[in-house]
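Have a look at the structure below, then the notes.
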Amino acid sequence: MSAAIQLPGHPFVAYRGHALHTEDVALDALADQYGTPLFVYSKASMLSALAAYQRGFAGRSAQICYAMKANSSLGVLQVFADAGCGFDIVSGGELDRVVAAGGDVRKVIFSGVGKTRAEMHQALAAGIGCFNIESEAELEVLSGVATGMGLRAPVSIRVNPNVDPKTHPYISTGLKGNKFGVAHEDALRIYQHAASLPGLRVVGIDCHIGSQITETTPYLEAMDRVLDLVASIEAAGIPIEHIDFGGGLGINYNNDTPPEADALWLQLLAKLDQRGYSGKKLMIEPGRSLVGNAGVCLTEVLYVKPGEQKNFCIIDAAMNDLPRPAMYQAFHAIVPLSDKAGNTPTVTYDVVGPVCESGDWIGRDRVLDVAAGTRLAVLSAGAYCMSMASNYNTRGRAAEVLVDGKAAHLIRQRENSQDQMRHEQLVG
Ligand SMILES: *Cc1c(COP(=O)(O)O)cnc(C)c1O
């Protein structure tokens with residue numbers, strides 16, 4: 001067998017003997033067994049991404065809370081729950097998933113600008129670790145809900161450090177003009193308000209500046225701004241037990257070069273120490289960087305359609321499976337499952353799905369050697385793909401497989417039409 005050829009950013013996906021593998025499992029065999037489109041995740045890849053953070057925090061008091069909106073499939077959550085992670089949730093539904101996956105609810109933090117009273121009640125009853133509060137109005141409501149239950153809700157306030165994360169505007173969250181968090185200049189007053197409310201117990205401070213961040217500087221700037229606030233809040237007599245620096249670290253989609261998690265935290269922790277906050281408990285909420293490059297989406301070419309201006313490669317995966325290109329003009333690398341032909345591809349295609357929208361493209365201007373029946377892998381498909389998948393065009397959501405060494409576990413069955421119509425009824 002020839003030496004394995006690794007794919008950029010995907011340490012556990014490689015060609016072996018011309019066949020693309022995730023860990024020790026040939027992807028073509030999985031496509032035969034489960035059909036396409038099919039998401040395949042590497043457990044070792046997730047654990048190795050997690051290990052980089054764990055190395056970074058060695059010897060510190062720190063809690064890693066996987067931001068599960070990136071990929072909330074139960075089999076994925078189970079990997080992180082078993083590894084001792086907490087979870088960053090943004091809905092009551094996500095809390096139900098944590099419980100179903102065997103996660104520790106005491107390690108759950110609840111983020112999001114629009115928590116309902118019912119969700120607050122559910123999270124308080126479950127005994128989650130902390131609410132990340134995003135507005136002054138929310139403080140009042142949470143205090144009321146907690147008081148009604150005879151409880152005090154543990155809270156941190158998400159502050160908006162007004163730092164440009166230099167990422168796509170739809171995934172930048174820490175600038176003025178975003179709906180997230182409270183303004184830096186209002187933060188002290190809002191902390192004083194929180195400390196005065198009977199149903200709340202202030203425990204921390206939180207910030208999250210955006211997603212797919214590939215530079216270290218925005219994090220360092222945000223940390224400085226947050227530590228400035230910690231100083232003034234504590235000077236006002238309100239102790240801060242933990243500092244939550246959010247998530248947002250990018251992955252390599254297309255020659256992106258984000259810092260490694262351990263290297264990033266080496267610099268951030270140096271700043272923390274330098275400013276005299278070594279003793280604080282740290283929380284982080286990484287999502288994409290834990291799962292994004294652990295996953296690929298297998299798909300089959302249905303038709304090749306030469307066009308007047310463009311050639312189209314029509315595949316059986318679509319924007320309902322892989323929404324990021326349509327939503328963010330995002331790039332996903334697309335590679336063949338088998339490179340046995342050995343030909344150098346020469347034809348350029350737009351790779352598109354079957355959905356009736358011009359926005360239904362997966363890759364533009366890709367040079368590929370394809371015919372009907374050729375199988376392809378869409379890379380970097382572990383984050384914000386299945387968790388954003390929809391049933392548009394009454395397309396059932398794809399199946400999912402978790403690979404662990406030589407073993408492949410089906411963690412989600414393909415959805416059929418009956419599944420999709422289950423809660424609908426005709427007018428009687
Ligand atoms: C989405 C989100 C995260 C995770 O972001 P990634 O870019 O996936 O790491 C963390 N915290 C909050 C509050 C979020 O909304």
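Just follow the structure's listing: the first ligand is 1, and inside any ligand the first atom is 1. Numbers here simply count residues along the sequence, with the first being 1.
Salt-bridge check for Lys280 with Glu234: passed, with a basic side-chain N closer than 4.0 Å to an acidic carboxylate O. Using a 4.0 Å cut-off between a side-chain N of Lys or Arg and a carboxylate O of Asp or Glu, Asp419 and Arg414 do not qualify as a salt bridge. Salt bridge annotation for Arg397-Asp321: absent, with no cationic side-chain nitrogen under 4.0 angstrom from a carboxylate oxygen. Arg375 has a carboxylate O that lies under 4.0 Å from a charged side-chain N of Asp32, or vice versa, which qualifies the two as a salt bridge. A salt bridge does not link Asp82 with Lys43: every distance from a Lys NZ or Arg NE/NH1/NH2 to an Asp or Glu carboxylate oxygen is 4.0 Å or more.
Environment of CD in Glu136: crowded, with over 12 heavy atoms of neighbouring residues, nucleotides or ligands closer than 6.0 Å.
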Check the pair Asn132 / Arg158 against side chain to side chain donor-acceptor pair (under 3.5 Å), numbers first and verdict last. CA-CA 6 Å; Asn132 284 343; Arg158 177 169 175 183; over 6 Å; no
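Where the criterion is an N or O separation shorter than 3.5 Å, residue side chain and backbone included, Tyr384 meets it with respect to ligand 1. Distances between N or O atoms of Arg158 and those of ligand 1 include no value under 3.5 Å. Polar contact check, Gly287 against ligand 1: a nitrogen or oxygen pair lies under 3.5 Å apart. Between Leu249 and ligand 1, not a single N/O pair is under 3.5 Å apart. Checked by distance only, ligand 1 and Ser289 stay at 3.5 Å or farther apart across all their nitrogen or oxygen atoms.
For ligand 1, the atoms sitting less than 4.0 Å from at least one non-hydrogen atom of Arg288 are 6 (P), 8 (O), 9 (O), numbered in the order shown with element in parentheses. Listed by number with element, the atoms of ligand 1 under 4.0 angstrom from any heavy atom of Ala67 are 3 (C), 4 (C), 10 (C). Listed by number with element, the atoms of ligand 1 under 4.0 angstrom from any heavy atom of Gly247 are 9 (O), 10 (C). The ligand atoms of ligand 1 that sit less than 4.0 angstrom from a heavy atom of Glu285 are 3 (C), 4 (C), 10 (C), 11 (N), 12 (C), 13 (C). Below 4.0 Å from some heavy atom of Ser111 lie the following atoms of ligand 1, by number and element: 13 (C). Using a 4.0 Å cut-off to heavy atoms of Gly248, the atoms of ligand 1 that qualify are 5 (O), 6 (P), 7 (O), 9 (O).
For atom 5 (O) of ligand 1, the nearest protein heavy atom (residue, atom name, distance) is His208 CE1, 3.4 Å. For atom 15 (O) of ligand 1, the closest heavy atom belonging to the protein is Lys69 NZ, 2.8 Å. The nearest heavy-atom contact from the protein to atom 7 (O) of ligand 1 is Ser211 OG, 2.2 Å.
Under a cutoff of 6.0 Å and an axis angle of 45°, Lys115 and Phe110 form a cation-pi pair. The cationic atom of Arg366 (NZ for Lys, CZ for Arg) lies less than 6.0 Å from the six-membered ring centre of Phe331 and within 45° of the ring axis.
With a heavy-atom cut-off of 4.0 Å, Val90 does not touch ligand 1 at all.
In this structure, His21 has its ring center no closer than 6.0 Å to that of Tyr15.
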